[in-house]
Protein chains: 2
Amino acid sequence: MTGTRETKAPKRHATPKADKPARPITIHDVARHAGVGSMTVSRVIRGAANVSPAMREKVEAAVSVLNYQVNVAARATRSQSTAARIGILYSNPSASYLSEIMVGGLEQSSKMAGHLLLERCEGLAGQQAAVERLLASGVDGVILPPPLCDSRPTINRLLAEGVTVLALATARPMDDVSCVRIDDYAGALAMTRRLVALGHRDIAFIKGDPLHTPTEVRFEGFLAGMAEAGIAIRDDWVAEGLFTYRSGLAAAETLLDGAARPTAIFASNDDMAAAALAVAHGRQIAVPRDLTVCGFDDTAVATTVWPELTTIHQPIAAMGRTAVALIAEEIRARKAGDAPAPNHHLMKFTLIERGSSGPVPER
Amino acid sequence: MTGTRETKAPKRHATPKADKPARPITIHDVARHAGVGSMTVSRVIRGAANVSPAMREKVEAAVSVLNYQVNVAARATRSQSTAARIGILYSNPSASYLSEIMVGGLEQSSKMAGHLLLERCEGLAGQQAAVERLLASGVDGVILPPPLCDSRPTINRLLAEGVTVLALATARPMDDVSCVRIDDYAGALAMTRRLVALGHRDIAFIKGDPLHTPTEVRFEGFLAGMAEAGIAIRDDWVAEGLFTYRSGLAAAETLLDGAARPTAIFASNDDMAAAALAVAHGRQIAVPRDLTVCGFDDTAVATTVWPELTTIHQPIAAMGRTAVALIAEEIRARKAGDAPAPNHHLMKFTLIERGSSGPVPER
DNA sequence: CTGAAAGCGCTTACAG
DNA sequence: CTGAAAGCGCTTACAG
């Protein structure tokens with residue numbers, strides 16, 4: 001929660017305007033004001049090509065004077081042949097990344113007069129039922145956030161019905177499906193390099209859920225970074241996790257109670273890194289003085305714990321926006337009769353250094 | 001992340017249907033199929049009153065046979081006089097409750113053919129700018145999640161422009177603004193009673209950010225519960241917090257390092273309870289054997305930490321749904337020329353017992 | 001209680 | 001390059 005400090009005195013607000021503008025501004029108001037036909041206005045606001053600069057200018061002026069806003073609903077009715085009905089099928093509504101995906105996606109889809117449908121599913125059976133509901137409501141495309149982004153059965157069912165699919169934040173792009181993602185390999189490599197640059201050589205790694213595609217890819221990035229630095233991997237410093245806090249607890253306990261203790265723990269997501277922090281705390285190991293801990297994803301927990309986590313930031317909201325834009329374009333192309341190739345869109349990640357990492361402790 | 005276990009073999013999916021149904025089912029298709037006028041269909045799908053049972057039945061049959069889905073966009077154009085443009089003004093996109101509010105709100109608004117606008121703001125200046133953006137885009141109503149739900153300046157600005165406002169999850173309803181909330185007082189009271197029932201008498205409390213309305217109200221609920229049980233409040237067992245994890249860390253350290261140690265800590269939100277857990281862990285105090293910890297809100301962190309938190313569950317998604325439904329109704333009434341009184345809607349909370357609480361330790 | 005007509009604000013053909 | 005006409009699928013008056 002953000003602290004918003006403000007005057008407590010509830011000063012009486014001005015007399016409320018009883019009547020809001022009775023009728024919203026339409027394309028015709030703009031046309032009249034600009035002295036052109038409504039079609040010209042329609043062309044300008046859509047960004048169509050065939051408009052003379054003079055006309056365009058007049059219309060744009062009128063739009064800004066009148067503070068005209070397109071009525072997306074009306075637009076949708078008519079261009080319904082082009083407007084997309086896009087579903088987001090999610091399984092974990094409390095996952096902190098979901099709100100950001102939705103914020104981004106919704107922003108984009110309302111800009112584009114698209115229609116966003118949210119469908120939730122629980123478990124495997126629920127997944128099938130949710131897909132059928134989505135299908136029944138006539139979606140043109142479905143965005144799959146993790147972990148559904150890697151569910152081949154779901155994807156196949158959707159594709160079989162001619163629905164466009166986009167896998168969001170998968171680590172392994174598929175040939176027949178578009179995706180928006182970061183480079184998990186490069187992210188893990190960058191983090192490993194940073195740890196090495198801080199002087200760490202005794203670096204432990206906590207792997208994620210073996211069923212999720214980022215798990216292996218991030219581990220490979222870590223291995224590459226270690227190999228590059230000429231550091232051998234110790235089996236007892238590679239712990240298995242499941243991306244959950246609880247699994248991170250167990251993994252970190254193993255790592256910190258072993259015969260030799262690493263100077264850094266690279267957990268392959270933030271939840272597990274937060275758990276490592278708690279375990280270190282329990283062992284009276286000061287972070288980052290005696291131990292560096294870092295995570296991956298930059299979800300809410302990264303800035304909730306103390307010290308805050310050094311981690312790899314995924315631009316989740318932007319990924320949501322991009323996903324909606326891409327899938328809408330693909331749907332449009334498909335409706336126009338094209339057979340667009342799946343688009344694999346890579347976004348930039350950022351290594352964010354916060355309080356949980358520091359130079360290797362002196363011996 | 002939910003583990004979705006599934007067959008790995010990517011069995012080739014059936015030949016994709018090249019063409020989706022060219023034309024979606026309309027109200028007229030249903031009318032023809034049912035042998036009635038389209039107006040009757042319209043009435044049935046809207047749930048209007050004046051339809052004979054016989055007609056209704058025929059229409060409903062046709063709807064289900066044809067798998068008809070209302071075209072919300074089309075509906076919105078016509079009932080645009082009634083359809084609402086509702087904004088959600090939020091300040092903390094990574095807050096885990098936000099995704100649930102949005103999921104709920106979006107579900108509801110797409111059912112109602114409403115239009116949901118998301119507007120984000122940062123800081124106080126950003127808050128004003130965001131309100132102006134919302135105003136410029138012609139919103140009819142704005143939903144304010146915490147902590148903006150208690151921002152009088154924002155509310156006043158909105159009201160002054162004739163915009164309907166709904167405060168979501170505020171602890172102090174305002175006379176001139178609708179709200180959807182739980183009873184924070186009763187929630188804190190229920191939790192305190194539960195702790196007492198478990199045999200605890202040495203109960204510490206961690207307060208929240210003094211600028212947020214739930215802070216005082218939850219504390220009052222705690223005081224009432226203690227008074228009811230005839231337990232005196234010890235000043236050194238009431239710690240100040242800010243609803244953040246970090247503040248919880250400091251508060252819990254004070255509580256657990258004091259001369260006398262409580263057998264239970266009631267933190268007034270989950271983030272601070274999670275912090276208390278970490279501190280207990282650091283002090284080798286076993287939870288719940290030696291110490292009971294409980295929180296409030298049932299946000300994502302409550303089930304992320306270990307042991308999972310006993311807490312008061314707020315039905316956030318349902319609150320989002322309800323908020324949209326209520327504000328839409330209020331907007332409709334206002335547009336119809338009424339002056340509806342603000343609606344104060346109270347939702348039920350639930351006390352959820354998980355692993356972090358248990359009976360008082362034997363002496 | 002039922003339905004034929006008119007219209008929501010926009011865009012897609014269609015003429016200039 | 002520009003605009004008058006028709007229509008998107010639904011709902012709001014308006015007649016029976």
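Just so you know, these numbers use all the heavy atoms, side chains as well, and skip hydrogens, waters and symmetry mates. Convention: sequence-line order gives letters A, B, ...; per-chain numbering from 1.
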Is there a side-chain contact (heavy atoms from CB on, under 4.5 Å) between A:Val51 and A:Thr40 once you walk through the steps?
CA-CA 7 Å; A:Val51 187; A:Thr40 303; 4.1 Å; yes

Between A:Val142 and the options A:Ile88, A:Val131, A:Leu134, A:Leu148, the side chain to side chain contact (heavy atoms under 4.5 Å, CB included) test singles out A:Leu134

Paired and unpaired positions of DNA chain D as dot-bracket, Watson-Crick or G-U wobble under 3.5 Å, | denoting a partner strand
|||.||||||||.|||

side-chain contact (heavy atoms from CB on, under 4.5 Å), that's the test. Do B:Met319 and B:Ile182 meet it? Break it down for me.
CA-CA 9 Å; B:Met319 288 166 77; B:Ile182 61 159; 4.2 Å; yes

Specify the separation, in whole Å, of atom CD1 of B:Ile45 and atom P of D:dC10.
6 Å

Could you tell me how far apart B:Ile27 (CD1) and C:dC8 (P) are, to the nearest whole angstrom?
18 Å

Check whether any side-chain nitrogen or oxygen of A:Arg75 sits under 4.0 Å from OP1 or OP2 of C:dT11, and answer yes or no.
yes

Rounded to the nearest 0.5 Å, how far apart are CZ of A:Arg152 and CE of A:Met174?
6.0 Å

CD1 on A:Ile327 to OG1 on A:Thr322, rounded to 0.5 Å
12.5 Å

If you apply the rule side-chain contact (heavy atoms from CB on, under 4.5 Å), what do you find for B:Met347 with B:Val180, and how did you get there?
CA-CA 7 Å; B:Met347 313 269 306; B:Val180 170; 3.9 Å; yes

In terms of side-chain heavy atoms of A:Arg46, which of C:dC10, C:dT12, D:dC10 is nearest?
C:dT12

Distances under 3.5 Å only, N/O to N/O: pair up the protein atoms with those of nucleotides 1-5 of chain C.
from: C:dT2; atom 1: OP1; to: B:Ser52; atom 2: OG; distance (Å): 2.5
from: C:dT2; atom 1: OP2; to: B:Ser52; atom 2: N; distance (Å): 2.7
from: C:dT2; atom 1: OP2; to: B:Ser52; atom 2: OG; distance (Å): 3.4
from: C:dG3; atom 1: OP2; to: B:Gly37; atom 2: N; distance (Å): 3.1
from: C:dG3; atom 1: OP2; to: B:Thr40; atom 2: OG1; distance (Å): 2.5
from: C:dG3; atom 1: N7; to: B:Arg43; atom 2: NH1; distance (Å): 3.2
from: C:dG3; atom 1: N7; to: B:Arg43; atom 2: NH2; distance (Å): 3.4
from: C:dG3; atom 1: O6; to: B:Arg43; atom 2: NH2; distance (Å): 2.6

Tell me, do B:Arg120 and B:Ser91 make a side-chain contact under 4.5 Å, heavy atoms counted?
no

Heavy-atom closest pair (B:Gly35 atom, B:Lys58 atom, distance to 0.1 Å) is O-NZ, 4.5 Å

